[in-house]
Each structure stands twice: as C-alpha cells, then as structure tokens.
There are 2 protein chains.
Amino acid sequence: MTRVPVTFVGGDAGDWAIERIEAVKGAGLDTAPRLAVLEGSADASSPSDRWALHGVTSHDRYLTAAERSELRAVQEMLGRHEATHAALIPIRKSEAWWELAQDERRAIFEERSRHVATGLEYLPAVARRLHHGRELGAEFDFLTWFEFAPEASSTFDELVFRLRDTEEWTYVEREVDIRVVRDPRV
Amino acid sequence: MTRVPVTFVGGDAGDWAIERIEAVKGAGLDTAPRLAVLEGSADASSPSDRWALHGVTSHDRYLTAAERSELRAVQEMLGRHEATHAALIPIRKSEAWWELAQDERRAIFEERSRHVATGLEYLPAVARRLHHGRELGAEFDFLTWFEFAPEASSTFDELVFRLRDTEEWTYVEREVDIRVVRDPRV
C-alpha cells in the first residue's frame, strides 16, 4: 500500500458539490458549497476554505490475509464513471478504544461487530478508501471516502446504518457524514 | 497511549553524547557529537544539525492484552537515574512487510520471531519507547529508544543480536544503531 497523503477541503472549490453535512455524533463541520479532494502533500489552502481534513493511506490494521483476498476479489476502484455520488465520513474514536490491545480491538471490530463481513455485502456497488489521521495529529482518526452510483444511495445508507448499530461504534466519539455529488460541469 | 511527537536530532546540542553510529543495514547517518531528544511538535532546528528523525508515540499494533499485561508488570519508565546509557535504533521495513496482512505480520512478529517474548527477558533492565514514523512520511518507519545502566550494555547487545537473528528482521531494509551516554555535565 503506497502512502498517499490526502486533504479533503470544504470551501468554494473542488469537483464535488456538497449536498449535506450531518453531525452524527459530537461536533459537526461548517457548511460549504464544494469539496476538493487533494492528493499529495502540496498545501494549496485558500482563504475561502471552511475546513481542511488531513489523512494518509496506509497498510491495513485488522484484515486477515483471507479477508483481504475476499475483498480484493470483488472491490472496485475509485473514479468509476457511473459513481457520481460519494460520502466522506470522518470519525474520531475514544481514548478507551486506543487503550485496548490489538486482539481486543480486532475482536470488537470483526468477531463482534462484523465490520469487514458487513462491508463485503455492499461490494462492488460501493468503492472505498480509508485515510488515517491519528498519527498525523489530525482532527479525525479516520477519513473514509466512499463512491457509488446514484441508484446505490439507499444501499449505502443501509451500510452506514448497520455499522452504527455495532459494539465498535460505541467507541466512536465524533462522526460527521458528508454527502456529495460530482459536479456535472467538471 | 498519548500521542507524543518526538524528534531525535544529531548535531552539536543535546543531553546525550554520541559514542558511535553504526550502519547495520542500508545507508547510515552522518556522525555528530551529540543527540537531542525533543518532545512535542516545536521545530527548533539549528544550522548545526546533521540530521533530524521524526516519530510519534502511538497505540500498540501487535500486542495482545495478555502480553501487554506481562510487559506492564515488569517494565520500567524512561529517565531512571542509573540509566546513563541509551540506544536509538531507527528502522525501515520493506514494502513486502507492509504488503502483508495483519495476521501475517503478527505471526512473523511474535509466533515465529518471538519479538515480545525475547524483549520481556530483558526487562526491567532495558526501558524502551517506540515511535512511529511511517504515517508521517518520515525517513524511518520506527525509532526505538532504549535506556539502560552501563552494566546492562552487554545484555542490551545480546537483545539486539537476537532480534536481528529472526525472520522478522529479514524484512528490515535499513537499520542504524546509535549509542549514546548521558552527558555528565548536564
């Protein structure tokens, strides 16, 4: 897994029009008309930016080799032509989560909350990329970016609903749900 | 585990006198008279710095709850009065390592290389703190800092010798071994 720093900027620029920003748990984020997804470490901040969220792609932290093979066999890449809808879901987990040992976190994540198995049911309709922010000292521990076709929107809603109804989710102390559509003018 | 950014600077300043810098695998680091250990994100770089290595303390990535309890029962804190000797061992692992899934890395790390079990034999003589650099895009994936009393120096040499004679170590593509002593004038 190549390390790619990514910044998601809410402001007046970017390829994605923001449809709604929902504070699911804890503080939300200011409203903004557009979302820009900036790959690489170039800092192109503008005075019109309302917020900028930082993360970096990294190696998988919980997946077994078998689970990863299952995912890779069916998952789709980002940037599909038909995937004109997307969601950015920034999450911060509690100190109690980070104080758990690896085997305890894994057991909650998969054996008890079925994070991977549930996500697998929604492939290949939903494409996904995870960005880590915790080691960067960023505002959120995770920024997950999802892309899907318009007709998969309600399917995607079901996925996030199920993931929020798990033991793992009790360790989430802040979550924002940002829905966007690709700007047809771009 | 609190997130503490730490920078290790080789140059003309700092509480530790550098005794030797050995390139164990791959490129070494320039020689310097002193090592400074700077906690926090303040950047106080000086023209006399030869190098600055960045990392951040983070949660444990492989330890089970049982292993962590064993370690915590016997490990000592940094900063002991008698621990006047220290080692900084920066390591970068190969892409092949980072491409492995979590269960594969864990199996190599502990079930086959006995990283934790071996380290445990050297507690409480050797105190240790691990810093992660990979997510920061730093020069090394890991910076491990060890402190021990002078009489534990050969014991510490044995520990690093044993850890280098493992399957896990075949995934190390760069390692430098920096030995320092606390400056008696400080």
Side-chain angles (χ1 to χ4, degrees), chain A residues 1-7 39-43 54-73 75 92-111 115-116 130-143 171, chain B residues 1-7 39-43 54-73 75 92-111 115-116 130-143 171:
Chain A
M1 167 59 86
T2 314
R3 180 188 179 277
V4 181
V6 181
T7 303
E39 298 197 354
S41 45
D43 183 25
H54 301 283
V56 58
T57 61
S58 187
H59 59 283
D60 299 317
R61 309 297 169 87
Y62 299 106
L63 285 185
T64 64
E67 288 162 352
R68 199 168 62 173
S69 296
E70 274 195 278
L71 288 173
R72 286 184 177 174
Q75 72 192 0
R92 192 173 61 220
K93 282 181 170 168
S94 65
E95 283 307 308
W97 172 261
W98 296 112
E99 281 297 328
L100 294 172
Q102 177 71 23
D103 59 337
E104 295 170 321
R105 279 182 275 109
R106 160 73 199 189
I108 295 168
F109 174 83
E110 189 58 22
E111 280 69 33
H115 192 125
V116 175
L130 177 63
H131 312 80
H132 296 260
R134 184 169 172 82
E135 290 83 359
L136 307 180
E139 191 170 351
F140 291 94
D141 293 338
F142 305 101
L143 306 172
Y171 292 92
Chain B
M1 164 61 88
T2 315
R3 181 188 178 275
V4 181
V6 180
T7 303
E39 298 197 353
S41 46
D43 182 25
H54 302 283
V56 58
T57 61
S58 187
H59 59 284
D60 298 317
R61 308 298 168 89
Y62 299 106
L63 285 186
T64 64
E67 288 162 353
R68 198 168 62 173
S69 296
E70 273 194 277
L71 288 172
R72 286 185 176 172
Q75 71 192 0
R92 192 174 60 220
K93 281 182 170 167
S94 65
E95 282 307 308
W97 172 261
W98 297 113
E99 281 296 329
L100 294 172
Q102 177 71 22
D103 59 337
E104 296 170 319
R105 280 184 274 108
R106 160 72 199 189
I108 294 168
F109 174 83
E110 188 58 22
E111 280 68 32
H115 192 126
V116 175
L130 177 63
H131 312 80
H132 296 260
R134 184 169 173 82
E135 289 83 0
L136 306 180
E139 192 170 351
F140 292 94
D141 294 338
F142 306 101
L143 306 172
Y171 292 92

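Order of the sequence lines fixes the chain letters, A, B, ..., with proteins taken first and strands second; residue numbering starts at 1 for each chain. Just so you know, these numbers come straight off a predicted model, no measurement behind them. These values consider heavy atoms only, across backbone and side chains, with no hydrogens, waters or symmetry-generated copies.
B:D103 is linked by a salt bridge (Lys or Arg N to Asp or Glu O under 4.0 Å) to nothing, counting only residues two or more places apart in sequence or in another chain.
Interface residue B:L63: only backbone heavy atoms are found under 4.5 Å from chain A. The contact between B:R61 and chain A is made by backbone and side chain atoms together, counting heavy-atom distances below 4.5 Å. Using a 4.5 Å cut-off between heavy atoms, A:R105 touches chain B through its side chain atoms alone. Proximity to chain B (any heavy atom under 4.5 Å) is shown, for A:E135, by both the backbone and the side chain.
Chosen from A:V56, A:L136, A:L100, the residue pairing most often with chain B at heavy-atom distances under 4.5 Å is A:L136.
Paired with A:Q102 under the rule side chain to side chain contact (heavy atoms under 4.5 Å, CB included), one option of B:Q102, B:R106, B:E67 passes, and it is B:Q102.
Smallest separation of non-hydrogen atoms from B:W98 and A:H59: CZ3-CE1, 3.1 Å. Heavy atoms only, all atoms of each residue included: A:R68 and B:A101 are closest at NH2-N, 3.5 Å.
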